[in-house]
Every structure is written in structure tokens, then in C-alpha cells.
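Written out below as C-alpha cells is the structure these notes cover.
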Amino acid sequence: MNILQITDGLPPAVLGGSGRIVWEISRGLTHKGHTVSILTCAKPGVFPAEKDGISIRTFPPLPQRFAHYRSVFSGRRAREIMRHIHAVKPDVIHAHLLAGQAGYAWIPLARKAGIPVIVTCHDVMNIACGRVMPDDTHIWLKDLKRLRWSWNPFRTMMIRNILMTHCTVLTVSDALRTWMEQFGYRNLRTVHNGVDLSFWEEKQTKEKARATLGLPQDKTLFLLAGRLGIDKGIVPVNAALPEDAHLIAAGILSEPIFDHLGDRLHRFNNQSAEEMRTLYTACDVSLVPSLCLDCFPTICLESMACERPVIGTTMGGARESVVEGLSGWILNPENTDTFRATMQWCMDHPDETAAMGKAGRNHMKSHFSMEKMIETLEGIYTKHQKDS
């Protein structure tokens, strides 16, 4: 089958869990014998024309200033993408993150050409213009406040119409699916992300990883990774971190909130997948304390694949991957006492904590392997190819 993946960003041009998932899906499909190409936004020269048997095509980046208008109104962007689609001649298109660059206006044109389109929603950007809280209802008002004069009042309605009329829509978690249904979406299907377990595993000992990174050997290290903003829970972590604990901050910190930790803070900016694997190996526990609707945090999957337990948030899809008491904990990060007590327990019970990490790896093998995800997607692709 000739499969085209479309996404706004791909590593190393854009770092993040969703881009890595798209790449791993593409590699997995290629290993199964499919012809796979990726269409993504990047400046010329960022990507080779082919890597690991996957053809990589790019469309030029446009300014973010009018992205929320362009995503549904830009005929120019739609024509650019359709030129690539006609060149590739795919049997099926699987689109992922589209809101910032690729947009949605090409989808009806692709369907008119007889090509089935599947869209996986990894985040809330098809119904909001930024992060949302799980109990948000007046999203339009929140978007108006953050975008002001550049707010597009027709954006979310038009996107919903395009996706519901022309696509099969997948969500990465039941939490996201349930939330989207509150805003008029129907017939959604959850397909949880998986990860390549052969990549996300310990390639060295914890001691060697810490020596490589210059981290202390005799301290409990908690890892906080990703986009490190207020909505991702940096304030609760700062309030709950036990006195003797060390914190690894892997990502760009938006606030100087952890500066008072001194040598207990270890900062690593913009880490590649290989570098993140070393950080997972070096830490004892991963923290995912998001306050926003964190749809299905990839950090949870990668941590458990690397045999590290997770203290995950109640706000979003973390509870669908992390099993309370087996591979980690699910708690409200705003409950400082419980958060601190859980981290302290990890410090006081290193053997039990390590055992939970191993249980998480076994849970990943059973439920969230890339092989399992690829099998599910192949079934969806085949069905829609026959129906088109």
C-alpha cells in the first residue's frame, strides 16, 4: 500500500512526542512492506529526500501570525499540498498535526480525488487555539482573549465540518475523544499511540548514563520533560519536590521557577530521541504533572518503555497508559501533600520503585507497542481503501 503521512512538524526540525510518533509509525509501516512518504513543513535542506526507506517531501513554512485563518481559508496552501499528493499518488493519506502549517483546506480536494483521508487528533488544536483546561467550556472566549484581533470566529466550526464530512477521525485517547464529543464531534475512534520498544529501552546502566551526563550517582533523580510551562505543572513540582530530591528539567523552561534549587537542578535543552533515552535511563521516576488537558502524554509511554515509573496527571489521558499502583501513580498535581508524599515514597523505597519500572515495561509490551498500533492502522487503511 502507498501511504502518505502529513504533519506540520517532524524531528529534528520540531522536537516533541507527536512528531516522533509519526516517524515511528512511518518506519513501522515501511518495515511491513508498505511504501511510505511523509509530507511536512520545513525549510529546504533540513531533511534528506529519503531516510530509512521513507521519502520525505516538504512544503515551505509560513508565518504563524495568521495560522488560524490560513488553516481553513488558504487556497494557496491547499494547492501546494495537493501538488505533492498528486505527485505521490497515495492509496491513503494519514494526517496528524495540521493546525499551524498544513491546514485543513486540502482535505475536501483529496477526497474529491478519491483518496481516503484519516486524521489523528493528537491535541486540541482543531477546536481551540492553544492549551485548554479539562473543565473549559467557553473556548471561544479563551481564544478571543489570547488571539485578540487575529481570532477567527469561524475556524473551529469549519474544521469540524471538514473533518466530520470528509475524514475518518481518530483520537489518541478516550479523554480527548470524550472532550471533543462535547464540542459536536461524532463517530470518533480512539487509537492509542504506541512506541518502538526496541528503541525505547535501556541501552546502558543507570550508573553509566549518569556518569555520561554528569549527574550524581547517589541521589534520587526525578525527570520533568517536554514543554516546561505553567500549564505543564512546573508550579506544583516546585511546591512538592522533597528537600533532598534532584530534578532533571529536559526542555525549555518558560519561568526561572527552579533556580533556587541550585545544584539540585540539572537542565538539558531540546533533547533528541537518543538523548531523551539516556535521560530516562539516568532518572528514577518521570513526572507528568500537567494542569492542562494533556491528551496522551508520550513521556508516559517512553518512560515505561525505559523501565521508569511515572507520576502522572489526572488531567487528560495519562490514566489510560499508566496503571495506578503497578507502573506508577495518577494524581492531581494541585494536591501538593499527595504529590510530595508520592515522591518521598519513591525516595524511601528505591527497590519497589525500580520494580514498578519493570512492570511498566511489561505493560507496554502488552498494550502500547508500535507493532500493535501498526496492526490497528493497517486495518483502518485497508478498510477505507476498499470503501473509497
Side-chain angles (χ1 to χ4, degrees), residues 5 7-31 36 38 40-42 46-48 50-56 58 96-97 120 122-123 172 192-206 208-210 212-215 221-228 232 248-253 266-283 285-288 294-310 312 318 321 357 360-361 364-365 368-374 377:
Q5 305 276 340
T7 186
D8 274 357
L10 200 69
V14 176
L15 297 178
S18 298
R20 290 203 296 270
I21 292 292
V22 174
W23 180 251
E24 290 184 5
I25 289 172
S26 301
R27 289 183 63 215
L29 289 166
T30 301
H31 292 161
V36 181
I38 299 177
T40 188
C41 175
V46 172
F47 296 109
E50 184 175 315
K51 182 180 178 182
D52 294 346
I54 302 166
S55 172
I56 304 176
T58 60
H96 299 266
L97 303 176
T120 291
H122 293 260
D123 58 22
V172 295
H192 289 120
N193 287 335
V195 297
D196 182 356
L197 293 170
S198 65
F199 179 88
W200 295 105
E201 64 179 354
E202 289 185 310
K203 302 296 184 182
Q204 56 186 314
T205 65
K206 181 192 291 186
K208 185 174 180 180
R210 290 188 176 191
T212 299
L213 298 171
L215 297 170
L221 294 176
F222 293 95
L223 173 65
L224 183 64
R227 187 181 56 80
L228 305 180
K232 286 290 191 174
I248 300 171
I252 302 297
L253 276 167
H266 311 276
R267 299 184 62 169
F268 298 87
N269 295 336
N270 292 334
Q271 299 294 283
S272 66
E274 291 77 10
E275 290 167 330
M276 280 304 306
R277 184 176 59 197
T278 302
L279 285 171
Y280 289 129
T281 302
C283 79
V285 180
S286 283
L287 305 177
V288 185
D294 209 344
C295 299
F296 195 63
T298 308
I299 301 295
C300 295
L301 304 180
E302 295 171 354
S303 297
M304 291 188 293
C306 290
E307 299 189 7
R308 295 301 179 265
V310 178
S321 61
R361 171 80 181 182
M364 289 294 300
K365 289 179 181 178
F368 300 106
S369 68
M370 181 54 63
E371 290 79 7
K372 182 179 178 65
M373 185 184 185
I374 293 297
L377 290 176

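Between M364 and W200, every side-chain heavy-atom pair lies at or beyond the 4.5 Å cut-off. Between P12 and F47 there is a side-chain heavy-atom pair separated by less than 4.5 Å. Side-chain contact between S321 and F296 is present, with heavy atoms from C-beta onward closer than 4.5 Å. Between N193 and L301, some side-chain heavy-atom pair lies under the 4.5 Å cut-off. No side-chain heavy atom of K203 sits under 4.5 Å from any side-chain heavy atom of T281.
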- Yes or no on side-chain contact (heavy atoms from CB on, under 4.5 Å) for L228 and I252, after CA distance, side-chain angles and deciding distance? CA-CA 6 Å; L228 305 180; I252 302 297; over 6 Å; no
- Item | Full working for side-chain contact (heavy atoms from CB on, under 4.5 Å) between F268 and I248 | CA-CA 8 Å; F268 298 87; I248 300 171; 3.8 Å; yes
- Item | Verdict with reasoning, I374 to L29, per side-chain contact (heavy atoms from CB on, under 4.5 Å) | CA-CA 7 Å; I374 293 297; L29 289 166; 3.9 Å; yes
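Taking the side chain to side chain contact (heavy atoms under 4.5 Å, CB included) definition, one finds that D123 meets it with L97, M125, sequence neighbours left out. Qualifying side chain to side chain donor-acceptor pair (under 3.5 Å) partners for E307, counting only residues two or more places apart in sequence or in other chains: K358. Residues forming a side chain to side chain contact (heavy atoms under 4.5 Å, CB included) with K208 (at least two apart in sequence, or on another chain): Q204, T205, T212. Annotation: side chain to side chain contact (heavy atoms under 4.5 Å, CB included) contacts of T120 (sequence neighbours excluded): H94, H96, H122, L170, V172. For E24, there are no salt bridge (charged side-chain N to carboxylate O under 4.0 Å, His left out) partners, not counting sequence neighbours. Legend: residues meeting side chain to side chain donor-acceptor pair (under 3.5 Å) with R27, ordered by chain and number and at least two apart, are absent.
Shown here for K206 and C283, the closest heavy-atom pair between the two residues is CE-O, 3.9 Å. Nearest heavy atom pair, residue E50 against residue G53, reads OE2-CA, 3.7 Å. What you find for A282 and L215 is that their closest heavy atoms are CB-CD1, 3.9 Å. Closest approach of E201 to S198, counting heavy atoms only: OE2-O, 3.3 Å. Across all their heavy atoms, A305 and V195 have their closest contact at CB-CG2, 4.2 Å. Nearest heavy-atom pair across L224 and L287 is CD1-O, 3.7 Å.
Looking only at distances, a side-chain donor or acceptor of R277 sits under 3.5 Å from a matching main-chain atom of F199. Remark: side-chain polar atoms of D52 are not paired, donor with acceptor, to backbone N or O of I54 under 3.5 angstrom. Under a 3.5 Å cut-off, the side chain of R308 and the backbone N or O of Y280 do form a donor-acceptor pair. Side chain of E302 to main chain of C300: no donor-acceptor pair is present (N/O by atom type, distance under 3.5 Å, no hydrogens or angles). For the pair T30 (side chain) and V36 (backbone), a donor-acceptor distance under 3.5 Å is absent. In this structure a side-chain-to-backbone donor-acceptor pair under 3.5 Å is missing from R20 to T298.
E275 and S272 form a side-chain donor-acceptor contact under 3.5 Å, judged by distance and modelled atom types alone.
Using cut-offs of 30° and 60° on the angle between ring planes, the pair H192 and F368 is perpendicular.
The CE atom of M304 sits 10.0 Å away from the CG atom of L197 when rounded to the nearest 0.5 Å. Rounding to the nearest 0.5 Å places CD1 of I25 at 9.5 Å from OG1 of T7. For the atom pair CD1 (I299) and NZ (K232), the distance works out to 8.0 Å, reported to the nearest 0.5 Å. Atom CD of residue Q5 and atom OG of residue S26 lie 4.0 Å apart, to the nearest 0.5 angstrom. For the atom pair L279 CG and L223 CG, the distance stands at 6.0 Å (nearest 0.5 Å). Note that CG of L221 is 11.0 Å distant from OG of S286, once rounded to the nearest 0.5 Å.
None of I56, D196, T40 except one satisfies the side-chain contact (heavy atoms from CB on, under 4.5 Å) rule with W23; the exception is I56.
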